[in-house]
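Take a look at the structure set out below.
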Amino acid sequence: MKSVVVLRAVAVSGVVATVVAIFGLPWAWYGDRAVRLTEFPGWAWYVGAAVLLNVVTGWAVVQPGRRGWLPLVAGGLGVGTIVAAVVVMANYADVLRGPVVPAVRPALGPGGPVAVLAALASLTAVIASRFSRSS
């Protein structure tokens with residue numbers, strides 16, 4: 001019973017961290033200007049992959065140990081989510097390119113690393129659900 005509570009707590013922490021990364025944290029800083037996720041090119045790919053990963057994680061946690069193919073799907077979605085987050089993060093210096101160049105150096109914000117940790121938490125919950133038999 002204790003493992004199911006931990007399993008669900010890890011899954012919920014993955015969802016909460018994903019929501020915080022998408023809506024609450026800046027993904028880059030330009031001086032005191034916070035750059036949100038939606039200002040990055042390709043942000044929708046990350047959001048789509050993260051939402052699908054959390055849906056599959058929830059499905060795997062509801063009935064742990066019963067669906068053998070879910071860890072494979074979640075693994076693929078998890079890798080896709082992490083790759084999408086890293087690609088979006090890697091473009092942080094290109095967000096404000098244009099006719100006006102800011103006088104400050106861009107810096108990576110906490111949103112991207114939190115997004116990667118959220119995907120890892122969701123993958124951990126899916127893998128743990130594979131070995132948990134009681135709900």
Side-chain angles (χ1 to χ4, degrees):
M1 182 66 173
K2 207 185 261 189
S3 66
V4 173
V5 172
V6 172
L7 172 67
R8 290 182 179 164
V10 171
V12 168
S13 70
V15 171
V16 169
T18 299
V19 169
V20 168
I22 291 172
F23 296 111
L25 295 174
W27 282 56
W29 292 100
Y30 280 91
D32 63 349
R33 181 181 181 271
V35 181
R36 300 289 173 196
L37 174 64
T38 56
E39 296 180 53
F40 282 81
W43 66 270
W45 289 103
Y46 163 71
V47 171
V51 167
L52 286 174
L53 175 61
N54 285 306
V55 167
V56 170
T57 300
W59 193 10
V61 169
V62 168
Q63 293 183 343
R66 298 183 198 243
R67 293 183 178 93
W69 53 272
L70 271 180
L72 294 175
V73 172
L77 286 171
V79 168
T81 301
I82 292 170
V83 167
V86 169
V87 167
V88 170
M89 275 191 299
N91 293 324
Y92 77 94
D94 297 333
V95 172
L96 291 180
R97 298 288 170 145
V100 177
V101 177
V104 295
R105 187 172 159 201
L108 184 64
V114 169
V116 171
L117 291 174
L120 290 174
S122 294
L123 283 174
T124 302
V126 170
I127 291 168
S129 74
R130 182 71 180 124
F131 299 107
S132 177
R133 297 287 179 200
S134 62
S135 53

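Because the structure is a prediction, the values reported are computed rather than measured.
- Linking ILVMFWY side-chain heavy atoms closer than 4.5 Å, directly or via other members, places I22 and W43 in a single hydrophobic cluster.
- Side-chain contact between P26 and V35 is absent, with no heavy atoms from C-beta onward closer than 4.5 Å.
- In this structure, V10 and A121 approach most closely via the heavy-atom pair CG1-O, 3.3 Å.
- R36 places a side-chain N or O within donor-acceptor distance of the main-chain N or O of G24, the cut-off being under 3.5 Å.
- At a threshold of 4.5 Å between side-chain heavy atoms, the hydrophobic network of Ile, Leu, Val, Met, Phe, Trp and Tyr places W59 and L53 in one connected group.
- Listed by chain and residue number, A17, A21, L25 satisfy the side-chain contact (heavy atoms from CB on, under 4.5 Å) test with V114 (two or more places apart in sequence, or in another chain).
- P113 has its side chain within reach of M89: a pair of non-hydrogen atoms, C-beta onward, lies under 4.5 Å apart.
- Listed by chain and number, the residues in a side-chain contact (heavy atoms from CB on, under 4.5 Å) with V79 are V83 (sequence neighbours excluded).
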Would W27 and Y46 count as a ring pair (Phe, Tyr, Trp, His ring centres under 6.0 Å) if you check the C-alpha gap in whole Å, the side-chain angles of each, and the deciding distance to 0.1 Å? CA-CA 13 Å; W27 282 56; Y46 163 71; 5.4 Å; yes

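- Distance check, rounded to the nearest 0.5 Å: CG of L52 to CG of L77 gives 5.5 Å.
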Take T81 and L123 through the test side chain to side chain contact (heavy atoms under 4.5 Å, CB included) and record every step on the way to the result. CA-CA 11 Å; T81 301; L123 283 174; over 6 Å; no

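- Cluster membership for F23 and V20, using ILVMFWY side-chain heavy atoms within less than 4.5 angstrom, is not shared.
- Of all non-hydrogen atoms in I82 and A119, the two that sit nearest each other are CG1-CB, 3.7 Å.
- Partners of T18 by side chain to side chain donor-acceptor pair (under 3.5 Å), not counting sequence neighbours, listed by chain and number: N54.
- W45 and V56 fall into different hydrophobic clusters, where Ile, Leu, Val, Met, Phe, Trp and Tyr are joined by side-chain heavy atoms under 4.5 Å apart, directly or via other members.
- At a threshold of 4.5 Å between side-chain heavy atoms, the hydrophobic network of Ile, Leu, Val, Met, Phe, Trp and Tyr places V16 and V51 in two separate groups.
- In this structure, the side chains of L37 and V47 come closer than 4.5 Å at one or more pairs of heavy atoms.
- Scanning all heavy atoms of the two residues, the minimum distance from T57 to A125 falls at CG2-CB, 4.0 Å.
- Summarising the geometry, atom CG belonging to L108 is positioned 11.5 Å from atom CH2 belonging to W29; distances are rounded to the nearest 0.5 Å.
- Closest approach of V61 and R8 over heavy atoms only: CG1-CG, 3.6 Å.
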